[in-house]
Engineer: 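Let me give you the structure first, and then I'll get to my questions.
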There are 2 protein chains.
Amino acid sequence: MGRRNDHTAEALHAMAMAAARRLLAKEGLSGLTVRRIAQEIGYSPGTLYNHFANLDDLVLQVNAETLDQLLARLRGLEQQGSEPLPVLRAMARAYIAEIRAAPQLWSAVFEHRMAKGSELPDWFPGRIARLFEPVEAAIGPLFGPGCEADCRRAARVLWSALHGITSLVLSQKLDLATGLSAEDLADDLVTNYLAGLNRKLTNG
Amino acid sequence: MGRRNDHTAEALHAMAMAAARRLLAKEGLSGLTVRRIAQEIGYSPGTLYNHFANLDDLVLQVNAETLDQLLARLRGLEQQGSEPLPVLRAMARAYIAEIRAAPQLWSAVFEHRMAKGSELPDWFPGRIARLFEPVEAAIGPLFGPGCEADCRRAARVLWSALHGITSLVLSQKLDLATGLSAEDLADDLVTNYLAGLNRKLTNG
DNA sequence: ACCTGAACACCGTTCAAGT
DNA sequence: ACCTGAACACCGTTCAAGT
């Protein structure tokens, strides 16, 4: 048939991303296929390969947007106060709130793996790493000068730990005995981990 | 064609599980297919449906074995001492060691999701929940009588948090800046979380 | 330069037909 | 009672052919 020129490359890219996000939200990662995205935007499957490297590429771009939305929210909280504990608690709450607002999109972030032969592209780990920046900034006041390495580690421990809680709650693999919510567990984690850091810093 | 009777039902079940574990270890979850398992054990694909509900069922049974192996190791550590901190540190190390020994099997535990329409079967969450028991036993001494709910929560927070660290390290989504290992992060988590619990219990 | 649609090499699952 | 192999309804990806 040949080119149609109904849409610019940018418009087609955006349409595909929007359709993918819509399918993902409704059907989950296993319901997101090249053929269905193509159908939704009124193009043939092959066309998507003119605009994305492959399905993994498309999913990663959608996931990056999901991560970026949380990042924006965390950056907003970063400036709010200088007390680490309430700021970090708020960041944990924001993370959980984002997940509750779009559980299927976040499941996709957690569940997606590259197809058999391929590696995660270079640009993606950086998008995740950005999330540590606000956390590091918020936890910073607990550490004195010259303790940057400790601060970096603490931010990574705390955020990874929080990720563990949210991902188990999300996948319902955590038996939430009598009235425990993700928020309760996250509060407990942040509170006690920070208390532990404080104690160590005070004693040492 | 008809029945062959080359193997008993039990033998065939075991052969399929072994083949699945072997394929999983070598190729990962995306390389594990009904057709390949069938080929490996010298039966037709349809035969596997006489012995397993479907591929999800088979994967879950393999995953349960992976979980059970860690459980056995944790139970061994449980009896070793009564000081919570060293026991819990050892448990965290054991978890990481199991993952390092069989990263593809553990990836399968973390990555597997049920096919579109189906729910996780009843028996599976219980297999995960068992892992909390040794953790709860180890952390117990920190809590006084009447604080069982706090102890339960702490065990779940700590283990979920540890899971977050190991799963991010495993999927290489954690940028391990200059020489941070999963062991380092886990030690930091356990140490500071327990210190925080202690402080709260001491102060309150 | 871009799009189509058929083709290729796969999937999980089902089931009539055989023994 | 159990196994086979073809069939069904899908996949992601490629690419010659068209405009």
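Just the heavy atoms: all of them, side chains too, but no hydrogens, waters or symmetry mates, feed the values below. Sequence lines set the chain letters: A, B, ... in the order given, protein chains first and strands last, and positions in each chain run from 1.
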Engineer: Heavy atoms under 4.0 Å, any strand shown: does Ser44(B) hit a base, just sugar-phosphate, or nothing?
Structural biologist: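 Base: the residue Ser44(B), judged by heavy atoms under 4.0 Å, touches a nucleobase.
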Engineer: Asp122(B): which residues meet the salt bridge (charged side-chain N to carboxylate O under 4.0 Å, His left out) condition with it, sequence neighbours left out?
Structural biologist: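 Listed in chain order: nothing, the list is empty.
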Engineer: Could you check which of dG12(C), dC3(C), dC3(D) has an atom nearest any side-chain atom of His51(A)?
Structural biologist: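 Selected nucleotide (nearest to the side chain): dC3(C).
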Engineer: For Glu65(B), enumerate each residue passing the salt bridge (charged side-chain N to carboxylate O under 4.0 Å, His left out) test, keeping only those at least two apart in sequence or located in another chain.
Structural biologist: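 Salt bridge (charged side-chain N to carboxylate O under 4.0 Å, His left out) check on Glu65(B) returns Arg21(B).
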Engineer: Distance check needed: dG12(D) P versus Asp57(A) CG, whole Å only.
Structural biologist: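 So the CG-P distance, Asp57(A) to dG12(D), works out to 14 Å.
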Engineer: State whether Thr47(A) places a side-chain N or O below 4.0 Å from either non-bridging phosphate oxygen (OP1 or OP2) of dC2(C).
Structural biologist: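 False: Thr47(A) side-chain N/O out of range (4.0 Å or more) of dC2(C) OP1/OP2.
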Engineer: Looking at dT13(D), dT4(D), dA7(D), which one has an atom nearest to any side-chain atom of Arg35(B)?
Structural biologist: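 Within the option list, the nearest is dA7(D).
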Engineer: Could you write out DNA chain D as a dot-bracket string, with dots for unpaired bases, | for bases paired across to another strand, and Watson-Crick or G-U pairs counted at under 3.5 Å?
Structural biologist: ||.|||||...|||||.||
Engineer: Considering only dT13(D), dT13(C), dC2(D), which nucleotide approaches the side chain of Pro45(B) most closely?
Structural biologist: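 Of the candidates, dT13(C) comes closest.
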Engineer: What is the nucleic acid contact for Thr33(B), judged by heavy atoms within less than 4.0 Å: base, sugar-phosphate only, or nothing?
Structural biologist: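 Sugar-phosphate, backbone atoms only, no base.
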Engineer: Under 4.0 angstrom, heavy atoms only, what part of the nucleic acid is Ile37(B) near: base, sugar-phosphate, or nothing?
Structural biologist: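 Here Ile37(B) touches no strand at all.
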Engineer: Look at the side chain of Asp184(B) and the backbone N and O of Ser181(B), then say whether any donor-acceptor pair between them is shorter than 3.5 Å.
Structural biologist: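 Confirmed, Asp184(B) side chain pairs with Ser181(B) backbone.
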Engineer: Between dT14(D) atom C1' and Phe52(A) atom CZ, what is the distance in whole Å?
Structural biologist: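 Result: 18 Å.
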Engineer: Remember a base hit wins even if backbone is also touched, and classify Leu48(A) as base, sugar-phosphate or nothing at under 4.0 Å, heavy atoms.
Structural biologist: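 No contact at all - Leu48(A) keeps every heavy atom at 4.0 Å or more from the nucleic acid.
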Engineer: Distance check needed: dG12(C) P versus Leu23(B) CG, whole Å only.
Structural biologist: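 Leu23(B) atom CG is separated from dG12(C) atom P by 11 Å.
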Engineer: Can you check the Gln39(A) CD to dC11(D) C1' distance for me, whole Å?
Structural biologist: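 From Gln39(A) CD to dC11(D) C1': 14 Å.
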Engineer: Apply side chain to side chain donor-acceptor pair (under 3.5 Å) to Arg113(A) and list each qualifying residue two or more places apart in sequence or on a separate chain.
Structural biologist: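 Side chain to side chain donor-acceptor pair (under 3.5 Å) check on Arg113(A) returns nothing, list empty.
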Engineer: Please pick, from dT14(C), dC3(D), dA7(D), the nucleotide with the shortest atom-to-atom distance to any side-chain atom of Tyr49(B).
Structural biologist: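 It is dT14(C).
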Engineer: So, is Asn50(B) near the phosphate of dC3(D), with a side-chain N or O under 4.0 Å from OP1 or OP2?
Structural biologist: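 So the side chain of Asn50(B) is within the cut-off, an N or O lying under 4.0 Å from OP1 or OP2 of dC3(D).
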Engineer: Please name all residues satisfying ring-ring contact (aromatic ring centres under 6.0 Å, His included) with His13(A), sequence neighbours left out, ordered by chain then number.
Structural biologist: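 His13(A): ring-ring contact (aromatic ring centres under 6.0 Å, His included) contacts with Phe52(A).
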Engineer: Return each pair, listed once, that meets side chain to side chain donor-acceptor pair (under 3.5 Å) where at least one residue sits in residues 32-41 of chain A; pairs must be two or more places apart or across chains.
Structural biologist: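 Residue pairs passing side chain to side chain donor-acceptor pair (under 3.5 Å), neighbours aside: Arg22(A)-Glu40(A).
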Engineer: With a cut-off of under 6.0 Å to the ring centre and 45° to the axis, is Arg156(A) in cation-pi contact with Phe132(A)?
Structural biologist: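 Satisfied, under 6.0 Å and within 45°.
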Engineer: Relative to the 5' end of DNA chain D, which residue comes earlier, Arg36(A) or Ala53(A), by the nucleotide with the nearest heavy atom?
Structural biologist: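 Comparing both residues, the 5'-ward one is Arg36(A).
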Engineer: How long is the line joining CG of Asn54(A) and C1' of dG12(D), in whole Å?
Structural biologist: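 That distance rounds to 9 Å.
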Engineer: Starting the side chain at C-beta, find the nucleotide from dC3(C), dG12(C), dG12(D) nearest to Leu55(B).
Structural biologist: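 The closest nucleotide is dG12(C).
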